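Order of listing sets the numbers, starting from 1, for every ligand and every atom in it. Just so it is clear, the structure is predicted and the values come from calculations on it, not from any experiment.
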Amino acid sequence: MELDKVYDPKKVEKKWYGIWEEKNEFRAETDPAKKSFCIVIPPPNVTGVLHMGHGLQGALQDALTRYHRMVPGTSSLWLPGTDHAGIATQNVVKKSVEQQGADPKAMGREAFVAEVWKWREKHGGIITEQWKQLGASCDWERERFTLDEGLARAVRECFVQLWERGLIYRGKYIVNWCPRCQTAISDEEVDHKEADGHLWYIRYPLEESEESLMVGTTRPETMLGDTAVAIHPDDERYRHLKGRKAILPFLDRPLEIVFDDWVDPEFGTGIVKVTPAHDPNDFEIAKRHDLPSVQVIDEKGRMTREAGAEFDGLDRFECRSRIVEKLEALGLLGRIEEHHLAIGHCHRCDTVIEPLASDQLFVKMEPLVGRTIQAIRDREVRFYPDRWAKIALHWLDNIRDWCISRQLWWGHRIPMWTCAGCGEVIVSREDPTGCPACKSSTLKQHEDVLDTWFSSWLWPFSTMGWPDDTEDKNYFYPTDVLVSGYDIIFFWITRMIIAGFEFTGKAPFRDVFVTGMITDELGRWMSKSLGNGIDPLEMIDEYGADSVRASLIALAAAGQDIRLSPARFEMGRKFCNKIWNAYRFLRMNLDGNGGPGVDEARLDLADRWILSRFQTVVRQVDDGFVNYRLNESFAAVYGYFWHEYCDWYLELIKDRIGADGSPEERTHALGVAVRVLEGAMALLHPVMPFITEEVWHGLKDRGAADLICGPKPEPDDRRADPEAEAAMDLIQSVVRSVRETRWRVNYPLTAACRILVRSSHPRDVETLTVHLPYLKRLARIESVEVLPAGVTPEQSVGDVIGTLEVFVPVGNAIDVDVEIGRLEQELERLRSRLEGIRKKLANRQFVEKAPADVVEAERKKEADASEQVAKIERTVDSLR
Ligand SMILES: [Zn+2]
Ligand SMILES: [Zn+2]
């Protein structure tokens with residue numbers, strides 16, 4: 001069968017994915033004779049579509065899973081699933097219901113939730129299909145959903161256990177309220193964005209006095225909810241105000257003057273207003289001083305009746321401008337300062353967060369974190385790169401209680417009931433039928449659902465059947481590594497470790513592999529609002545999944561962010577074609593289906609070298625996979641395959657497999673070439689599964705065996721051959737040098753040349769003489785002659801390689817005078833260029849002010865140019 005000249009992933013990728021699935025090769029058995037390897041997927045939102053972040057993390061997880069699947073005696077599981085994503089999903093379905101002209105509120109809870117399930121049936125599988133296009137070898141039979149029956153049981157068990165231990169409490173609390181999503185969100189879901197705002201100074205008259213106070217605020221509209229002003233107890237300036245009261249403008253509400261340590265005397269005038277209902281710090285001050293709380297902004301971000309008739313119903317930002325205007329008119333506005341501040345925005349919808357006091361449920365976190373802190377400190381759970389451990393620890397050391405109630409319909413409903421008869425609160429594993437205290441059967445369930453992360457923090461073991469003791473859990477848990485971006489270290493990774501210790505007594509995973517984030521070329525995160533995203537599915541369509549995976553993994557260096565543009569995927573595509581060309585070349589030379597053999601007695605220098613180098617590469621690949629430096633693994637095979645196997649080895653065997661070689665020699669050389677190609681395919685398979693499976697099968701009839709099942713190549717010390725490597729290194733250096741010389745002096749490419757060599761190591765000269773056929777094939781060197789000591793050959797270009805001197809006589813092949821003239825012109829041009837670069841580098845302003853990488857680039861240019869100058873000077877000298 002004729003192979004395509006250019007590799008076409010479309011003909012290969014779908015085919016192999018289908019075969020692997022059909023043969024159930026992603027299935028991980030719980031085989032006691034094998035050791036387990038397991039990764040649970042960070043469950044993407046069920047509403048989601050695949051983005052580049054998934055592409056990167058998916059490629060890494062799949063490569064790890066495939067690598068371990070190829071390790072003999074290992075049962076390797078990548079456990080897939082999706083997240084019900086409370087807020088995001090509810091918003092999507094709400095919008096679609098509204099578009100059909102219905103009102104979700106009027107529909108009622110039950111009907112709406114039924115709509116969401118319907119929506120999930122229809123669209124929930126989209127992202128799963130997209131994972132498959134990337135080549136994800138998940139065990140799809142084990143797919144879970146954070147809202148499926150088993151996980152619902154796990155969530156309920158966890159809630160009840162925490163409740164029974166007294167770690168869940170309800171209370172009025174200041175929460176981060178999103179007026180658009182209409183729910184409380186956790187601290188971690190608030191994005192703090194730097195902004196230029198103002199600090200307004202407002203005059204509050206003192207009661208029964210002509211005097212007044214000046215308070216500074218960044219949110220004038222909240223003044224309507226003030227119930228006090230506060231001063232630091234040590235602030236001498238205001239000592240006389242003790243026991244007096246201020247009057248709130250507009251509403252004439254008397255305000256207590258309290259003295260509290262929290263106030264910063266340096267901020268503004270040293271007097272701050274206290275709005276307990278709309279500021280977390282003021283909420284705390286109010287608790288300490290027993291102050292009343294007045295809510296002036298409602299759940300929609302509008303002013304309430306409490307704000308007074310003239311502001312009632314206004315939007316909070318509109319109210320702000322109105323207040324400022326009125327204060328000015330009344331002469332109560334002092335100066336206005338520019339003020340830089342961080343404003344909290346909703347992580348989901350980007351609306352400015354409104355701190356609101358409301359009834360919520362919380363988990364006391366402090367009693368839960370001890371074991372996790374210890375495990376991270378002792379490196380029982382390891383972060384790669386290590387720096388994230390410190391950041392996780394800092395968060396854990398300063399842990400705050402976790403607000404877990406959400407005012408949504410879509411999610412795990414809180415298993416808490418209140419008795420209408422006696423007010424008893426019932427929290428239970430089974431739905432209660434009556435009140436245990438008064439026997440009343442009128443019970444009302446809590447309206448809220450649990451934060452989505454309250455189900456995902458159980459993910460590593462709830463997916464395996466917890467709270468039951470299942471075969472899967474006993475075999476695959478604890479899992480091995482969690483792969484995730486650093487954006488959800490607090491939301492999720494750290495909480496999973498906490499839950500693992502609390503509910504299973506074990507850390508849920510041994511390693512945490514923290515990946516960088518994908519940004520655009522300017523270093524900005526990809527987002528819908530910026531419109532700078534790159535669609536992984538479009539890229540897969542254009543370049544093929546192997547190219548996309550290989551390019552992403554090659555770029556993923558030690559958790560650094562990746563600046564991505566579509567052009568980056570060219571690397572993967574070119575590499576696929578390089579593999580394809582090598583494969584085509586061998587296929588054209590392979591006779592029938594016999595499969596060539598390797599004759600150990602016939603191994604020549606090139607064979608020994610390429611097989612020896614292969615052992616090193618196997619070790620480098622293993623190393624990268626064990627230490628989560630998959631980019632280094634990939635770079636090792638990439639460099640070997642392209643620059644050693646294709647550039648040198650396949651060139652070198654052309655004589656042996658051509659018409660001049662004996663049939664035995666031909667079979668043998670092809671045998672080595674095929675063996676190395678097979679090995680390289682096995683090493684590359686975890687990163688580029690499709691093309692490697694195709695090539696591996698195309699080289700030989702493999703029966704039912706597929707590369708995906710391994711085994712992976714193991715280093716074979718018997719093949720390690722430092723002597724062969726040193727000899728090949730010398731030959732390559734001589735070839736490179738002679739090629740460069742020929743190129744520099746315009747020596748005709750088709751003409752043969754001689755070389756004269758001299759070395760204090762007779763071995764070097766011998767290597768070159770014995771392997772003259774290599775030199776001939778690679779640089780058209782016809783003969784190697786030994787040059788006596790003290791002699792400088794005429795009209796020759798010389799070079800020094802270690803202890804070896806190499807001269808190429810050029811007098812016969814070129815017009816020496818013409819070439820000298822040309823080279824001198826070249827020298828003049830290069831020297832003036834070098835001078836320019838040096839001037840730039842001598843300029844202190846440039847060196848100090850330009851970005852470091854620009855200066856670095858200029859230094860490199862200088863080094864390159866001066867090396868060029870030196871080389872040409874030498875060439876001209878030797879030509880003379
Ligand atoms: Zn929101
Ligand atoms: Zn009761």
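Angle SG(C438) to the Zn ion (ligand 2) to SG(C419): 100° [nearest 10 degrees]. If you put the vertex on the Zn ion (ligand 1), SG of C178 and SG of C349 sit 100° apart, to the nearest 10°. Centred on the Zn ion (ligand 2), the SG atom of C422 and the SG atom of C435 lie at an angle of 110°, reported to 10°.
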Please list every donor-acceptor pair under 3.5 Å in which a side-chain atom of residues 298-306 meets a protein atom from a residue at least two apart or in another chain.
{"unit_1": "D298", "atom_1": "OD1", "unit_2": "K300", "atom_2": "N", "d": "2.9"}
{"unit_1": "D298", "atom_1": "OD1", "unit_2": "G301", "atom_2": "N", "d": "3.1"}
{"unit_1": "D298", "atom_1": "OD1", "unit_2": "R302", "atom_2": "N", "d": "2.8"}
{"unit_1": "T304", "atom_1": "OG1", "unit_2": "Q295", "atom_2": "O", "d": "2.9"}
{"unit_1": "T304", "atom_1": "OG1", "unit_2": "E306", "atom_2": "N", "d": "3.3"}

Would you mind writing out the side-chain donor-acceptor pairs for residues 114-129 within the sub-3.5 Å range, not counting sequence neighbours?
{"unit_1": "E115", "atom_1": "OE2", "unit_2": "K118", "atom_2": "NZ", "d": "3.1"}
{"unit_1": "T128", "atom_1": "OG1", "unit_2": "E143", "atom_2": "OE2", "d": "3.4"}

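Taking the six-membered ring for Trp and thresholds of 30 and 60 degrees, H54 and H51 have nearly parallel ring planes, at less than 30 degrees apart.
Contact annotation: C346 places an N, O or S atom under 2.8 Å from the Zn ion (ligand 1).
The heavy-atom pair separating V263 from A230 by the smallest distance is CG2-CB, 3.6 Å.
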